[in-house]
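Step one of this worksheet: look at the structure below.
Computed from a predicted model, the values in this text were never measured in an experiment. One-based numbering, in listed order, for ligands and for the atoms of each.
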Amino acid sequence: MKVLKFGGTSVANPENINKVKSILKSQKNHSMAVVVSAFGGVTDLLLNASKRASEQDVSYKNFVKEIEDRHIAAIRELIPVKSQSAALSKVKSDLNVLETLLEGAFLIGELTPKLSDKIVSYGELFSSFIISEFLKSEGLDAIFKDSRQLIITDNNFGKATVDFKLTNANCENFFSKNKHGITLLPGFVASSKNGDLTTLGRGGSDYTAAIIAAATNADILEIWTDVSGMYTANPKLVKQAKCVASISYQEAMELSHFGAKVLYPPTIQPVLGKAIPIAIKNTFDPENPGTLISQNNNGNGKTVRGISHVGNISLLSLEGPGMIGIPGISKRFFETLSVKNISIVLITQASSEHSICVGIADDDADLAAEAVNETFEYEIASKRIKPVMVEKDLTIVALVGDNMKSHQGLSGKMFSTLGKNNVNIRAIAQGASERNISAVIKKEDVKKALNSLHETFFEENIKQLNLFVMGVGNVGAKFLEQIRQQKKYLKEELKLNVRVIGISNSKKMVFDENGISLKDWKNALDQGVRTDMEGFFEKVRSLNFRNSIFVDNTASADVSKSYANYLKNSISVVTCNKIASSSDFANYKALKQLAKEYNAPYLFETNVGAGLPIIDTLKHLIASGDKVRKIQAVLSGSLNFVFNTFNDSITFHDVVKQAQDQGYTEPDPTIDLSGVDVMRKILILARESGHQLEIDDIENDAFLPEESLETNSNEAFFECLKKYESDFQKMYKQAKDADCKLKYVAQFEDGNAKVGLQQIPKGHDFYNLEGSDNIVLFYTDRYVEQPLIIKGAGAGADVTASGIFADVVRIGNF
Ligand code: ADP
Ligand code: ASP
Ligand code: MG
């Protein structure tokens with residue numbers, strides 16, 4: 001014999017019930033016990049109706065109406081007209097009884113567990129009756145059998161305990177005589193020894209099927225549901241979750257105990273003893289092999305087989321000096337919980353014996369706290385133990401796998417993954433069987449925790465990076481374009497799945513949790529909401545995605561002030577905006593410190609030399625123990641362009657204008673021409689070389705007339721340049737006469753930095769610097785005579801964007 005169970009979604013409506021019929025018809029040469037759940041959602045409707053009725057809220061009748069409509073409609077659709085009236089009158093008369101029961105709860109204003117069970121049982125009683133009538137009408141050899149006559153329990157209403165001796169005898173007796181091909185039974189319901197109706201707990205239809213399978217020594221137990229098996233994590237929360245083809249009983253039990261709802265935890269127990277395999281199959285994809293749960297399934301050497309989570313958990317902690325070395329404290333603690341019938345999901349004990357901490361259901365927390373405080377009343381009064389502490393709304397996340405015990409480093413990997421993603425761990429426990437490692441975390445972090453753990457343990461090292469991009473002007477737009485072009489390469493070659501989740505310019509911002517299409521981000525942004533920097537940050541924070549990166553492509557001081565907030569939430573920052581790194585040393589240092597503390601890189605390679613790997617090289621020199629003695633550099637692509645283009649046949653004004661038009665200058669060109677931009681860059685290099693310098697410490701030998709620097713608009717500045725044309729021409733001529741070129745040079749030596757225009761003679765490394773190129777010479781302990789030279793285009797949207805890109809990839813490899 002074979003036992004099949006169809007869950008709520010599988011029998012939610014006539015269309016699905018027809019699928020069930022097809023599955024049953026395709027099972028050749030088998031006698032079958034078929035257990036069904038209530039139509040999907042009906043159990044909740046019944047429980048809600050009972051609750052409202054007991055609160056004397058007449059709206060319970062709306063639920064009853066919905067229940068009635070669904071079942072009557074199902075009969076009309078599934079059962080042929082000639083046998084419809086009998087089915088309708090049976091269900092209608094049952095509905096009358098149901099209404100009377102609810103009315104009773106309404107009138108008394110009370111709902112006993114016993115009455116609740118009576119009411120909720122109608123879900124399965126209706127569905128099994130209707131489906132059996134339907135199958136008969138379709139010519140299948142089916143009969144209905146009421147599980148209440150087979151499964152006998154104690155009278156712990158709501159979640160009764162099965163008396164296997166009586167139950168097994170009943171089942172053997174019935175099935176040995178039964179000659180029908182299909183026996184249809186309601187799941188979930190049972191009866192107590194004295195004949196009261198009981199239920200097996202939420203999700204209990206799985207258990208009904210397992211009990212029957214074990215009692216009849218079935219060949220297999222098939223659980224038909226709405227997913228194609230047991231997955232590496234709940235597929236509704238982790239998109240990348242994969243079906244596990246085969247798994248051991250113990251692993252499946254751990255996974256379900258820790259929340260894999262696809263299997264009700266007690267289900268495995270009855271079949272385990274008889275080694276009856278369980279198949280998890282999808283009613284909506286019957287050909288899919290699904291998952292096979294059986295004995296001796298070693299998972300082909302795989303360690304972690306699945307990740308589960310249970311929500312609505314409270315931590316209950318008892319601590320105090322009076323606990324040390326005193327025997328019996330734990331016993332009294334656990335006894336108290338046991339007397340109150342409170343189940344413990346997780347236990348941790350500090351090795352100091354100074355505290356006991358358990359995880360229990362939120363619903364039990366108040367009762368538990370009260371009971372424990374009462375038990376330890378005397379110790380609490382004498383201050384030897386503190387009143388019990390309760391922390392609610394937590395979730396347990398568990399890694400499960402039989403082979404975990406023989407592998408080191410799994411818990412390290414688990415906790416560092418959570419740590420890197422700023423998931424705070426409240427408690428940890430490892431099962432004595434070493435088949436699971438669990439962490440208690442905050443509810444808000446669950447999705448992030450599951451996804452990042454899944455990535456670590458199951459996704460062949462594909463790492464998802466979630467980008468939030470502020471500023472989509474020249475540089476930002478190029479950056480998005482580069483990501484679009486390289487997306488496939490990044491995934492295949494670098495195992496990075498880069499997604500852009502948020503984009504903002506100064507007017508609008510837009511978010512898409514599934515990733516914004518980079519083909520048409522401009523449209524999406526147009527349809528976004530008004531930009532609000534605070535709101536942008538809040539959104540990034542509340543999305544709480546793993547590996548989040550904030551990318552600043554603006555030159556805004558306000559934006560640069562938000563970095564600390566991002567870093568404090570373990571959100572990495574990549575920026576081409578120099579303001580933060582060249583602000584007060586204290587601020588620069590604080591940001592670096594936050595980056596370290598929160599495991600979130602703060603990278604700004606493009607602050608110096610656009611896409612040239614200058615800062616990264618410097619970092620590597622220092623990491624390898626080298627010391628920077630001197631830096632000499634031409635660091636302004638814009639000034640280099642200006643002095644390479646300027647001569648006696650063009651005005652200085654026109655050259656600067658051209659530089660601005662080609663995107664070689666900051667939006668405000670005085671920042672470049674005054675030398676401030678170069679000062680910021682050499683300051684950043686000096687700091688990255690380990691020196692504590694402020695911008696005011698840098699000597700600036702400015703070449704622009706002071707009047708031009710005092711202008712307060714770009715127009716006025718350009719006008720002023722015209723006025724001083726003859727001075728500029730004089731500078732040019734002097735250099736030319738000396739056979740030199742004008743270069744704006746930055747220098748750092750012996751802790752001092754200066755910037756200024758210099759006449760560079762032929763033969764000097766700087767002399768042949770073309771267009772907007774930059775060059776940096778590092779003289780170090782190792783590069784003494786011949787400096788380490790980095791040279792190349794130092795400005796322009798494309799190269800800057802590629803520098804930002806490189807920083808993002810660095811974080812991906814972090
Ligand atoms: P049924 O009504 O068929 O009994 P359930 O809703 O009780 O179905 O269980 C199936 C659901 O279990 C899936 O839709 C899925 O959301 C959830 N689930 C949680 N964890 C897992 C997991 N690891 N693998 C598969 N499904 C899971
Ligand atoms: N109908 C019950 C519930 O929803 C039992 C089950 O479907 O397994 O909990
Ligand atoms: Mg279920």
Side-chain angles (χ1 to χ4, degrees), residues 4-12 16 19-20 23 35-48 67 116-117 119-128 147 151 158-160 185-190 198-211 221-245 247 251-267 278 280-285 288 290-291 293 304-311 395 397-401 446-447 450 453-454 457-458:
L4 295 86
K5 176 260 173 178
F6 292 88
T9 321
S10 305
V11 296
N16 297 359
K19 292 192 165 59
V20 172
I23 292 167
V35 175
V36 293
S37 285
F39 293 177
V42 167
T43 305
D44 286 331
L45 286 171
L46 286 162
L47 288 173
N48 285 334
I67 293 167
S116 174
D117 266 5
I119 293 171
V120 77
S121 71
Y122 278 95
E124 266 71 7
L125 295 177
F126 286 146
S127 73
S128 55
S147 318
I151 301 180
K159 196 175 179 179
L185 306 104
F188 186 51
V189 295
T198 56
T199 61
L200 301 176
R202 289 306 306 267
S205 296
D206 296 345
Y207 193 30
T208 306
I211 294 165
L221 165 62
E222 293 182 356
I223 303 284
W224 290 82
T225 182
D226 56 2
V227 283
S228 300
M230 201 152 204
Y231 279 61
T232 45
N234 185 345
K236 301 224 166 97
L237 291 175
V238 179
K239 273 211 201 112
Q240 273 86 350
K242 285 177 274 203
C243 175
V244 183
I247 194 166
E251 288 171 326
M253 199 137 62
E254 291 285 335
L255 283 171
S256 74
H257 178 69
F258 284 102
K261 183 181 165 226
V262 64
L263 203 63
Y264 181 52
T267 306
I278 307 176
I280 312 252
K281 301 272 294 174
N282 189 346
T283 304
F284 307 94
D285 182 10
N288 194 312
T291 298
I293 306 171
V304 180
R305 307 300 310 283
I307 306 169
S308 278
H309 72 285
V310 228
T395 293
V397 177
L399 290 190
V400 172
V446 172
K447 203 168 168 197
L450 290 176
L453 289 172
H454 197 268
F457 291 101
F458 293 107

If you look at each N/O of ligand 1, which protein N/O atoms lie under 3.5 Å away, and at what distance?
unit_1, atom_1, unit_2, atom_2, d
ligand 1, 2 (O), Gly8, N, 3.1
ligand 1, 3 (O), Thr225, OG1, 2.7
ligand 1, 4 (O), Lys5, NZ, 3.0
ligand 1, 6 (O), Lys261, NZ, 2.9
ligand 1, 8 (O), Thr225, OG1, 3.2
ligand 1, 12 (O), Val262, N, 3.3
ligand 1, 14 (O), Asp226, OD1, 2.9
ligand 1, 14 (O), Lys236, NZ, 2.6
ligand 1, 16 (O), Asn234, OD1, 3.2
ligand 1, 16 (O), Lys236, NZ, 3.2
ligand 1, 23 (N), Tyr231, O, 3.1
ligand 1, 24 (N), Tyr231, N, 2.8

May I have every N or O pair linking ligand 2 to the protein at under 3.5 Å, one per line with atom names and distance?
unit_1, atom_1, unit_2, atom_2, d
ligand 2, 1 (N), Thr43, OG1, 2.7
ligand 2, 1 (N), Glu124, OE2, 2.7
ligand 2, 4 (O), Thr43, OG1, 3.4
ligand 2, 4 (O), Arg202, NH2, 3.0
ligand 2, 7 (O), Ser37, OG, 2.9
ligand 2, 8 (O), Gly203, O, 3.3
ligand 2, 8 (O), Gly204, N, 3.3
ligand 2, 8 (O), Ser205, N, 3.0
ligand 2, 8 (O), Ser205, OG, 3.3
ligand 2, 9 (O), Arg202, NE, 2.6
ligand 2, 9 (O), Arg202, NH2, 3.4
ligand 2, 9 (O), Gly203, N, 2.8

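The closest side-chain heavy-atom distance from Pro265 to Met253 is not below 4.5 Å. Counting only heavy atoms from C-beta outward, the side chains of Ile211 and Leu200 approach each other to under 4.5 Å. Side chains of Val244 and Thr232 form a contact here, defined as non-hydrogen atoms less than 4.5 Å apart.
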Quiz item: Where do Leu263 and Ile280 land on the side chain to side chain contact (heavy atoms under 4.5 Å, CB included) test, with the steps shown first?
Solution: CA-CA 9 Å; Leu263 203 63; Ile280 312 252; 3.9 Å; yes
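Counting all heavy atoms, side chain and backbone alike, Tyr122 lies closest to Leu46 at C-CD1, 4.3 Å. Shortest non-hydrogen contact noted between Leu450 and Ser308 is CD2-O, 4.4 Å.
Residues Asp117 and Thr199 have side chains that bring a donor and an acceptor to within less than 3.5 angstrom of each other.
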Output a table of donor-acceptor pairs, distance under 3.5 Å, between side-chain atoms of residues 223-230 and any protein atom two or more places apart or on a different chain; print 'none' if there are none.
unit_1, atom_1, unit_2, atom_2, d
Trp224, NE1, Glu222, OE1, 2.9
Asp226, OD2, Thr9, OG1, 3.2
Ser228, OG, Asn282, ND2, 3.0
Ser228, OG, Asn288, ND2, 3.4

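Listed by chain and residue number, Arg202 satisfy the salt bridge (Lys or Arg N to Asp or Glu O under 4.0 Å) test with Asp44 (two or more places apart in sequence, or in another chain).
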